[in-house]
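Only one structure is covered here, and it is reproduced in the block below.
In the text below, chain A, chain B and the rest are named by the order of the sequence lines, each starting its count at 1.
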Protein chains: 2
Amino acid sequence: MPSLDHASALRHAGLRVTAPRLATLEVVSELPHADAESVAQAVRDRLGTVSRQAVYDILNALTDAEILRRVSVGGRSMRYELHRHDNHHHLVCTECGRLEDVPCTVGHAPCLTPAEDHDFEIEVAEVVFRGRCSRCRETLTATAP
Amino acid sequence: MPSLDHASALRHAGLRVTAPRLATLEVVSELPHADAESVAQAVRDRLGTVSRQAVYDILNALTDAEILRRVSVGGRSMRYELHRHDNHHHLVCTECGRLEDVPCTVGHAPCLTPAEDHDFEIEVAEVVFRGRCSRCRETLTATAP
DNA sequence: CATCTATCTGGACTCACTCAAGAAAACGTC
DNA sequence: GACGTTTTCTTGAGTGAGTCCAGATAGATG
């Protein structure tokens, strides 16, 4: 029962268990890397009316509680995924925007240390790999020689 | 004379040499990691009126020409720096947003290869290190024990 | 069940950026 | 240097993502 797990995750973080929050967690686990608007739409599909503000509040609260992880891959909108505490990275297609997870070989953050730390206390290293997915490579070689 | 270099860089890329473009290049070299609005403001300080649209067009054209590099470190706005073709990375303070360059030990892209490539043809690996800078660490330990 | 306070609603607003049409200015050619 | 072509810039409106605010609602605690 995923929603039971979700409910206990919420309670664990000291957050109230509400229908919009449970729906948000279900949506994010079914549509990983969804942006806020997609999450809002999918939540509305299950519950009827849910305000944009509620969705943003939820996404922010759950991100702060480390139940969700917010990822920025360069586009204008943030993407959300369940926080699996595995410090994995992302692979983005420069043509179509397709987004895949890449397991981190180290597993825990920070998986890399910079050559020079500028006296920062490094917490995480986020890596975004950019390239062309197989589908886009085929399309491009078919049209452009 | 930096503006001579800038002018030839523009001509090399097949772009016309205009005052707003030269000013933009000067501004970006003086204020690395500036966002579009800061660039626009600094360009206006030198030239008088320059439209927002002109600045965005310039930043896009110069980024396409690989004279500038656009970097996204998670905030809402894009940052710009001179493209040095060295594939360096960035270090961001999670408290104050301070942004530093980190040299890439490999030097050319992609400096890393993912554990699993999902049949992508990887072009670059962009790494963002997040942590606390020394200044913010001091401030935090002073107020919160 | 009552109360308290976290959460959600609705609506206005900001910010970063884009679109479109026409005016202005670079560059190549005479 | 003047001319015409084409790129670049101006003006002004528009979009998408996200935030702010005041008040209504509904989990949690006693």
Side-chain angles (χ1 to χ4, degrees), chain A residues 3-4 6-25 27-28 33-44 46-65 67-68 70-80 97, chain B residues 3-4 6-25 27-28 33-44 46-65 67-68 70-80 97:
Chain A
S3 58
L4 274 186
H6 293 154
S8 58
L10 287 169
R11 262 189 274 270
H12 237 259
L15 295 169
R16 292 186 181 171
V17 178
T18 66
R21 286 181 174 176
L22 291 174
T24 298
L25 284 168
V27 164
V28 173
H33 310 135
D35 60 22
E37 262 313 302
S38 311
V39 172
Q41 198 46 61
V43 166
R44 280 183 207 115
R46 316 188 171 218
L47 301 184
T49 310
V50 177
S51 68
R52 182 183 341 120
Q53 189 55 48
V55 175
Y56 278 102
D57 283 353
I58 291 168
L59 292 172
N60 287 332
L62 301 198
T63 301
D64 289 347
I67 295 172
L68 295 182
R70 198 198 319 267
V71 321
S72 161
V73 291
R76 278 203 277 171
S77 54
M78 295 298 184
R79 313 303 198 84
Y80 293 88
Chain B
S3 58
L4 275 185
H6 293 155
S8 57
L10 289 168
R11 262 187 275 268
H12 238 258
L15 295 169
R16 292 186 179 171
V17 178
T18 67
R21 286 181 173 175
L22 292 174
T24 297
L25 283 168
V27 165
V28 173
H33 310 135
D35 61 21
E37 261 314 302
S38 311
V39 172
Q41 198 46 60
V43 167
R44 280 183 206 115
R46 325 193 161 212
L47 300 184
T49 310
V50 177
S51 68
R52 179 181 344 117
Q53 189 55 48
V55 174
Y56 278 101
D57 282 353
I58 291 167
L59 292 172
N60 287 333
L62 301 198
T63 301
D64 289 348
I67 294 172
L68 295 182
R70 199 197 320 266
V71 324
S72 161
V73 291
R76 278 204 279 174
S77 54
M78 296 296 184
R79 313 303 199 84
Y80 294 88

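The listed nucleotides are D:dT19, D:dC9, C:dT18; the one nearest the side chain of B:Ala54 is D:dC9. In this structure, of C:dC8, C:dA26, D:dC9, it is D:dC9 that holds the atom nearest to the side chain of B:Ile58. The side chain of B:Gln53 lies closest to D:dG12, out of D:dG12, C:dT9, D:dG18. Comparing C:dC8, D:dT10, C:dA6 by their nearest atom to the side chain of B:Ser51 picks out D:dT10. Of the candidate nucleotides D:dA26, D:dA17, D:dT8, D:dA26 has the atom lying nearest to any side-chain atom of A:Arg16.
Scanning atom types as modelled, one donor and one acceptor separated by under 3.5 angstrom connect the side chain of A:Arg52 and the base of D:dT19. No hydrogens or angles were tested; on distance alone, nothing pairs the side chain of A:Arg21 with the base of C:dT7 as donor and acceptor under 3.5 Å. Side-chain to base pairing of B:Arg76 with D:dG18: no donor and acceptor N or O lie closer than 3.5 Å to each other.
Here the side chain of A:Arg21 pairs a donor or acceptor atom with the backbone of A:Arg16 at under 3.5 angstrom. Under a 3.5 Å cut-off, the side chain of A:Arg46 and the backbone N or O of A:Ala23 do not form any donor-acceptor pair.
Looking only at atom types and distance, the side chain of A:Ser38 has a donor-acceptor partner in the side chain of A:Asp35 under 3.5 Å away.
Taking every heavy atom of both residues into account, B:Ala65 and B:Ala13 meet most closely at CB-CB, 3.8 Å.
Taking for each of A:Asp57 and B:Tyr56 the nucleotide of DNA chain C with the nearest heavy atom, the 5'-most of the two is the partner of A:Asp57. A residue-by-residue look at B:Arg11 and B:Arg79 shows that B:Arg79 has its nearest nucleotide of DNA chain C further toward the 5' end. The residue among A:Tyr80 and B:Val50 whose nearest nucleotide of DNA chain D lies closer to the 5′ end is B:Val50.
The distance from atom CG of B:Asp35 to atom P of C:dC17 is 7 Å, rounded to the nearest whole Å. Residue A:Arg70 contributes atom CZ, which lies 12 Å from atom C1' of D:dA17 at whole-angstrom precision. When the P atom of D:dT11 is taken as reference, atom CZ of B:Arg44 falls 11 Å away, rounded to whole Å. Taking atom CG on B:Leu47 and atom C1' on D:dT10, their separation rounds to 14 Å, with Å as the unit.
Proximity of A:Leu10 to A:Leu62: side-chain heavy atoms (C-beta onward) are separated by under 4.5 Å at one or more points.
Looking at heavy-atom distances under 4.0 Å, A:Ala36 makes contact with sugar-phosphate atoms alone, never a base.
OP1 or OP2 of C:dC17 has not a single side-chain nitrogen or oxygen of B:Asn60 nearer than 4.0 Å. The side chain of A:Thr18 places an N or O atom within less than 4.0 Å of a non-bridging phosphate oxygen (OP1 or OP2) of C:dC8.
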